[in-house]
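Following: one structure in structure tokens, then a few remarks.
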There are 2 protein chains.
Amino acid sequence: MTRRDITDLQKLGGPVVSRQRGEVISREGQPAEGFHLLLDGWVSSSVRLRNGKRLIQKLHLPGDMLGTPSLTLPSAADTLTALTEGKTSFVSEVSLRKLFASNPKLSALFFMAAQLERITLMDALASAGRSSALENMAHLLLDLHGRLGALGAVSNDSFYLPITQEMIGDILGITAVHVNRVLREMSRGGLVKFEGRTMCLLNLQKLRARSPLPIRVPRSKLPWLPGAKAVA
Amino acid sequence: MTRRDITDLQKLGGPVVSRQRGEVISREGQPAEGFHLLLDGWVSSSVRLRNGKRLIQKLHLPGDMLGTPSLTLPSAADTLTALTEGKTSFVSEVSLRKLFASNPKLSALFFMAAQLERITLMDALASAGRSSALENMAHLLLDLHGRLGALGAVSNDSFYLPITQEMIGDILGITAVHVNRVLREMSRGGLVKFEGRTMCLLNLQKLRARSPLPIRVPRSKLPWLPGAKAVA
DNA sequence: CGGACTGTTGAAATATATCAATATTTGTGG
DNA sequence: CCACAAATATTGATATATTTCAACAGTCCG
């Protein structure tokens, strides 16, 4: 990105808002009218099913855009909840228009970011359907390991995991009880170690072998992107 | 969309290519370098897991863009297979650049289309994890009913479904045997009727009651979109 | 026509859910 | 900083949805 791109991106968001743990940033069923940039902290995106059960579709980490899918709907599909203290800033639809109208390169990057999210969801869906709970757990842990690593939040393959086993269950679509059994089995097998909210991946190689799909690495360069000023 | 938008969109694709049933349009592991517009026919997007099992992530219908997520990766994540005879046209990365550089409105629409796909995937993921096979089947049938209806391919709530029960299993993440049991149970319960490849939804209301999530209806208007020529 | 898919049904095996009881940790107010 | 309540983790026993294996019927297509 050029300096101009970065400036444009920073100008996008409104004032920085502090979020407390447990705070609902946006609730399903309410109109969206914009999205949020996650500047700091963890946020979950969850949906409640007819039968009352909840499912977490995504754990958002700093740098993520929250709530963009709901821009396409009359009312938000998911609820955004802060899992830790954090900071967000709101991007209105008007700001988004200005971005698309003035910076084709960032527009294309936004498009590509959305495609990357699709990949993650596609992989999660493929994995969920046809793999055992342990395999899905391995995939989830490796995904977090990769994403947190990129943010510098992993040391010695261990990281802070500010979610309960029940939430992990809501991500993988299994019960909290079964999450516990699987984690303990992985622990006994020397795959991971966890104390409180700290998770340590003891054997990345074995974990990768158990993961139904590899963790995707995005293309580092997209040579076809329009130049920042290449406006017709 | 204005006339200019439509012209821009049509210019995007290369020559029309005819596809035979079973033909592989693009294979996972190979570089993408562009995507396909589906002009006619059904196409599946599938992934193969480490354990050899296949999972279908999406049934594509005419009007869909195929393979855009893989633009973000060094090599394609999914395999695109024609399920019926059909027609596609290829859009190169260069064409895509020109679009982003010259038409901010279509750029924004492309972004929004990707978000809509995310919604579908999020719902499928939420549904898959926490619902019974019958509930997921209801959701799938209603989704197809809605999408095919928009294309004028539904009459009397019945439509042509050019896929085997094994493929349905690969979509829902269950075995072909179980697909059969679930479909027959729905049939006995008066929810659906099927003969050969024709599926008829006999009781939409009951089906909706069994579906874990409603079928989403996109916003009809996005007033914030940049005008077609609103280039800074 | 015949062979290969595809659909259908039954019986047994298995992963995961559910229910229940207890231990441990975490957060909070005094 | 402590004590206590609430949330979370852990483990066992049992129930259940789905898979697996198997056998056969139907159907499509060359």
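These numbers come from the heavy atoms of this one structure, side chains and all, not from hydrogens, waters or symmetry mates.
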Residues in contact with DNA chain C, drawn from residues 183-198 of chain A - heavy-atom cutoff 4.0 Å: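 Of all residues in residues 183-198 of chain A, none places a heavy atom under 4.0 Å from DNA chain C.
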
Neighbours of DNA chain C within residues 169-181 of chain B, by heavy-atom distance under 4.0 Å: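 B/Val177, B/Asn180, B/Arg181 - these, ordered by number, are the residues of the stretch whose heavy atoms sit under 4.0 Å from the strand.
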
Do the side-chain N and O atoms of [X] and [Y] include a donor-acceptor pair separated by under 3.5 angstrom?
X	Y	answer
B/Thr72	A/Gln115	no
B/Arg208	B/Gln205	no
A/Thr79	A/Arg54	no

Below 4.0 angstrom, N of the basic side chain to O of the carboxylate: do [X] and [Y] qualify?
X	Y	result
B/Asp123	B/Arg118	no
A/Asp78	A/Arg48	no
B/Asp170	A/Arg130	yes
A/Arg219	B/Glu93	yes
A/Arg50	B/Glu135	no

Crowding at CZ, B/Arg210 (>12 non-hydrogen neighbours, <6.0 Å):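 Not more than 12 within 6.0 Å, no.
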
Phosphate contact (C/dT8 OP1 or OP2) by B/Gln165 side-chain N/O below 4.0 Å: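 Checking B/Gln165 against C/dT8: at least one side-chain N or O falls below 4.0 Å of OP1 or OP2.
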
B/Lys53 side-chain N/O to D/dT19 phosphate OP1/OP2 under 4.0 Å: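 So the side-chain polar atoms of B/Lys53 never come under 4.0 Å of the phosphate oxygens OP1 or OP2 of D/dT19.
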
Touch class at under 4.0 angstrom, heavy-atom based, for A/Arg21 against every strand present: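 Since only primed, P, OP1 and OP2 atoms lie under 4.0 Å of A/Arg21, the category is sugar-phosphate.
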
Terminal helix-axis angle for the helix from C/dC1-D/dG30 to C/dG30-D/dC1, with five pairs defining each axis and rounding to 10 degrees: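 The two end axes of the helix from C/dC1-D/dG30 to C/dG30-D/dC1 meet at 60°.
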
Whole-Å distance separating the [atom1] atom of [X] from the [atom2] atom of [N]:
X	N	atom1	atom2	answer
A/Met199	D/dT8	CE	P	16 Å
B/Leu134	D/dT18	CG	P	9 Å
B/Glu166	C/dT8	CD	C1'	15 Å
B/Ile168	C/dT6	CD1	P	12 Å
A/Leu161	C/dT25	CG	P	17 Å

Contact nearer the 5' end of DNA chain C, comparing A/Val182 with B/Ile163: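 First, find each residue's nearest nucleotide; the 5'-ward one identifies B/Ile163.
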
Residues A/Lys58, A/Asp143; criterion salt bridge (Lys or Arg N to Asp or Glu O under 4.0 Å); working and verdict: CA-CA 11 Å; A/Lys58 168 111 188 164; A/Asp143 176 52; over 6 Å; no

Aromatic plane relationship, B/Phe110 with B/Phe35 - under 30° parallel, 30 to 60° tilted, over 60° perpendicular: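 Judged by the thresholds at 30° and 60°, the geometry between B/Phe35 and B/Phe110 is perpendicular.
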
